[in-house]
Amino acid sequence: MPFKRFVEIGRVALVNYGEDYGKLVVIVDVIDQNRALVDSPDMVRSQMNFKRLSLTDIKIDIKRVPKKKALVAAMEAADVKGKWEKSSWGRKLIVQKRRASLNDFDRFKLMIAKIKKAGVVRQELAKLKKEIAS
Amino acid sequence: MAPKSVKSIRNPELIPGVRKCSRSQMYHKRGLWAIKAKNGGKFPQHEKAAAAPAVEEKPPKFYPADDIKKPLSNTRKAKPTKLRASITPGTVLIVLAGRFKGKRVVFLKQLSSGLLLVTGPYKVNGVPLRRVNQAYVIGTSTKVDISGVNLEKYDDKYFAKQVEKKQKKGESEFFEADKKEKNELPAEKKEDQKAVDTSLLKAIEAVPELKTYLGARFSLKAGMKPHELVF
């Protein structure tokens, strides 16, 4: 199986450790075997160990170490945010966050909704079973 | 602080502990010589207050045999219990201990003893007007509109135990009488419960599913981590 996600300039990565946990950042330069220079519209450009990054499928078109403005423009042009939120990985993270922020009342309403849905499904299934049996 | 009017300082402090003018220079500056001159060579004095006649102290009638140490006086006053910021009137609370553990309950107000006044409402989950300690409660972020309720007559005295008259010990009567008297709740308290609950119930029924929520008990299920849960 060949590798598909490469460390390259313009690769979008997710920070998986440290202060910036959960942020999407763009690899803007490679420092050495272990570290990359990384940048994002809402953070100061800084170095990060590759171990702290999880590469994504998204890549944008930038030159080595672009100015902040150019970076932001490139990210808009490639619609990084949109692509991320449509991707299954991005959607999963959004759902996780939503679930974690649920109120006690919200959790109760969710439980009731699940029970109702299961009830409806079971009814339909029972109908179908009956049809087959008869 | 009141604004200090910047007047000229008569005797500025040059270095800490060293002022500009000497004692005699200050005497002159303050014009004490003029005050003396005005008053005929000496400072004006007010008349001494007439000494109050000394009270005659009688020798004590009784000298205790042992010297008993007096405990030190303590003038500390306990501060009223601070209410957690998450608990405001109308908050839904989860009771954690006691007969009603797990019940979700509406917070009404904090009493002067620091305990929280709470009601089920009674029709929804069987919790009456009751006092609960803040430490045994989780405050959720769900709020109920409590503006229609009058809570002025409820305080700690309302919940004090009724003092029973002492009965003379007749052996057979003793056991029977006790059993009969415990059960009845005075009608007045039932009326109070209804009065508080009717306005609350209107506010509760206005929110979908809130009534069933308050009727259900809270419990930890598999996978729920209390330190990660948002209440």
Side-chain angles (χ1 to χ4, degrees), chain A residues 13-25 40 42-43 48-49 51-56 81-82 84-127, chain B residues 84-96 100-107 118 120-121 124-125 127 132 136-146 200-201 203-231:
Chain A
L14 184 70
V15 179
N16 59 26
Y17 181 89
E19 271 185 12
D20 302 310
Y21 182 87
K23 275 196 193 163
L24 277 181
V25 291
S40 167
D42 59 345
M43 70 185 257
M48 263 198 195
N49 193 313
K51 291 187 179 180
R52 289 196 178 194
L53 299 173
S54 300
L55 302 178
T56 68
K81 196 167 179 214
W84 177 245
E85 285 171 4
K86 279 187 225 147
S87 74
S88 53
W89 185 358
R91 276 183 284 138
K92 256 191 283 174
L93 287 186
I94 291 173
V95 169
Q96 276 176 16
K97 260 192 214 155
R98 179 78 184 101
R99 285 201 183 137
S101 70
L102 284 180
N103 199 345
D104 188 47
F105 188 24
D106 291 334
R107 265 176 265 132
F108 179 80
K109 286 190 268 186
L110 182 67
M111 174 190 77
I112 299 283
K114 276 189 182 174
I115 292 173
K116 280 200 181 145
K117 176 180 148 203
V120 171
V121 167
R122 210 173 291 143
Q123 274 186 343
E124 288 300 316
L125 186 63
K127 272 191 221 163
Chain B
R84 262 181 273 162
S86 59
I87 302 179
T88 62
T91 312
V92 172
L93 306 174
I94 300 176
V95 178
L96 295 172
F100 299 106
K101 55 177 155 290
K103 293 272 190 194
R104 294 167 171 124
V105 125
V106 178
F107 169 64
V118 128
V124 175
N125 54 20
V127 179
V132 138
Y136 300 99
V137 136
I138 297 180
T140 65
S141 48
T142 317
K143 314 271 181 204
V144 174
D145 181 19
I146 211 181
L200 260 187
L201 274 169
I204 289 172
E205 281 165 4
V207 182
E209 299 194 334
L210 187 58
K211 201 169 173 199
T212 31
Y213 173 63
L214 290 176
R217 283 209 198 216
F218 171 83
S219 71
L220 279 181
K221 312 252 168 41
M224 284 175 124
K225 298 172 197 162
H227 68 294
E228 285 180 5
L229 288 179
V230 169
F231 282 99

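Proteins come first, then strands; the chains are lettered A, B, ... in the order of their sequence lines, and each starts at number 1. Quick note: numbers below take in every heavy atom, side chains included, and nothing from hydrogens, waters or symmetry partners.
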For the residue pair A:N16 and A:S54, confirm or rule out a side-chain donor-acceptor distance under 3.5 Å. yes

What do you reckon, is CD of B:E228 surrounded by more than 12 foreign heavy atoms closer than 6.0 Å? yes

Could you name the residues of residues 217-224 of chain B that have a heavy atom within less than 4.5 Å of a heavy atom in chain A? B:F218, B:M224

Under the side-chain contact (heavy atoms from CB on, under 4.5 Å) criterion, do B:R104 and B:T142 qualify, and how do the steps go? CA-CA 11 Å; B:R104 294 167 171 124; B:T142 317; over 6 Å; no

Using a 4.5 Å cut-off on heavy atoms from C-beta on, say whether the side chain of A:F105 contacts that of B:V92. no

Looking at every non-hydrogen atom in both residues, tell me the closest pair between A:V25 and A:S40 and how far apart they are. CG1-CB, 3.9 Å

Hits for ring pair (Phe, Tyr, Trp, His ring centres under 6.0 Å) against A:F108, two or more places apart or cross-chain, chain-then-number order -> B:Y213

Contacting moiety of B:T140, where chain A heavy atoms sit under 4.5 Å: side chain

Heavy-atom cut-off 4.5 Å, strictly under: side chain, backbone, both or neither for B:I138 against chain A? neither

Any residue meeting side-chain contact (heavy atoms from CB on, under 4.5 Å) with B:I87, in chain and number order, not counting sequence neighbours: B:L83, B:R84, B:L93, B:F107, B:L116, B:Q134, B:V137

Are there residues of residues 95-102 of chain A whose heavy atoms fall under 4.5 Å of chain B's heavy atoms? If so, which? A:A100, A:S101, A:L102

Could you check whether any side-chain heavy atom of A:L93 comes within less than 4.5 Å of a side-chain heavy atom of A:L14, counting everything from C-beta outward? yes

Is it the case that atom NZ in B:K211 sees more than 12 heavy atoms from other parts of the structure closer than 6.0 Å? no

Is there side-chain contact between B:F100 and B:V105, with at least one heavy-atom pair below 4.5 Å? no

